[in-house]
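All remarks here apply to the structure that follows.
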Amino acid sequence: NDASSTGTFIRNGADAADIALAWGTREQPVEGVPVVQGIAAAAESLEERLARSSRTVVLRDDYAAWSRMKFAHAGGKPLFLRIEDASTFPVFFDDHARPVNPSIIDPIDVRTFPRRPPMAQVYDVHIVRAAPLVSITELGYFRDELERCERAKVAQWQRRR
């Protein structure tokens, strides 16, 4: 277990809006490790960690909080993004992602939280419904999907100008 590349999300409160990120563990409940409290601090901590290293980062979602929220997106796996940001391009692959209500993924722009970005701006650009069998049989699947997402993002930026 590498403390610098492993963590778990913690969602507190009745609406699961209080998000924290604990580094150094995948266990829940979290004990004895640093916890970054607050949605803005958690997003910044994750972005800094990703920018500092080219290694894989493994994050556990808070399934209990998602269950408390009756499996709504507001309790799902956080995806921190800024729609107009050209310096980073977060993309989340999940085989249960849906275009109208992502359910399992919670797209969050910390600057406008608790309001969520419209799915029309997020789905098939930042959130991709993964095709597990295709990803196994076609070695270029993720590369091709990322290139498609990049083209969609460029088109999105051009429309916003």
Side-chain angles (χ1 to χ4, degrees), residues 1-130 142 145-146 149-150 152-153 156-157 160:
N1 182 19
D2 182 353
S4 68
S5 63
T6 304
T8 187
F9 284 107
I10 307 158
R11 285 182 175 260
N12 297 307
D15 61 359
D18 182 18
I19 297 176
L21 179 54
W23 289 108
T25 187
R26 291 175 293 161
E27 301 304 316
Q28 294 172 346
V30 172
E31 295 177 9
V33 296
V35 177
V36 180
Q37 296 285 347
I39 193 163
E44 183 178 334
S45 176
L46 177 58
E47 188 171 319
E48 286 174 0
R49 188 81 45 129
L50 292 171
R52 193 170 57 222
S53 173
S54 61
R55 299 182 349 207
T56 300
V57 173
V58 177
L59 297 172
R60 181 178 178 183
D61 63 325
D62 190 340
Y63 182 86
W66 188 46
S67 176
R68 275 195 321 273
M69 294 295 296
K70 299 189 178 6
F71 306 103
H73 72 89
K77 302 168 188 174
L79 169 62
F80 301 115
L81 54 84
R82 290 183 292 273
I83 296 292
E84 71 283 343
D85 189 354
S87 64
T88 60
F89 182 44
V91 178
F92 197 117
F93 287 86
D94 195 287
D95 60 336
H96 291 100
R98 297 184 308 209
V100 177
N101 177 358
S103 177
I104 200 162
I105 304 166
D106 187 8
I108 298 171
D109 185 330
V110 296
R111 296 162 309 153
T112 60
F113 188 79
R115 195 177 82 239
R116 302 310 199 274
M119 282 308 293
Q121 292 180 340
V122 177
Y123 192 79
D124 264 351
V125 178
H126 295 279
I127 295 176
V128 177
R129 183 176 186 131
F142 287 105
E145 282 296 301
L146 284 172
C149 290
E150 288 173 344
K153 188 64 181 179
Q156 187 180 69
W157 284 326
R160 293 178 71 97

Relative to the ring of F71, is the ring of W66 parallel (under 30°), tilted (30 to 60°) or perpendicular (over 60°)? perpendicular
Tightest non-hydrogen contact, residues P107 and M119, listed as CG-SD, 4.2 Å
How close do A86 and W157 get, heavy atom to heavy atom, and via which atoms? CA-CZ2, 3.6 Å
Backbone of A74 reached by a side-chain donor or acceptor of R11 within 3.5 Å: yes
Does any N or O in the side chain of R26 come within less than 3.5 Å of the main-chain N or O of R60, such that one atom is a donor and the other an acceptor? no
Side-chain H-bond candidate by donor/acceptor type, D85 with S87, under 3.5 Å: yes
Side-chain donor or acceptor of Q28 paired with backbone N/O of D61 under 3.5 Å: yes
Once side-chain hydrogen bond (donor to acceptor under 3.5 Å, both in side chains) is applied, do any residues pair with E44, and if so which ones, sequence neighbours excluded? none
Nearest heavy-atom neighbours spanning I83 and D109: N-OD2, 4.2 Å
Looking at N101, is its backbone amide N or carbonyl O close enough to the side chain of H73 to form a donor-acceptor pair, meaning the two atoms are under 3.5 Å apart? no
Are the side chain of R116 and the backbone of P114 linked by a donor-acceptor contact shorter than 3.5 Å? yes
Verdict with reasoning, Q37 to I10, per side-chain contact (heavy atoms from CB on, under 4.5 Å): CA-CA 9 Å; Q37 296 285 347; I10 307 158; over 6 Å; no
Closest non-hydrogen contact found for F113 with I108 is CD1-CG2, 3.7 Å
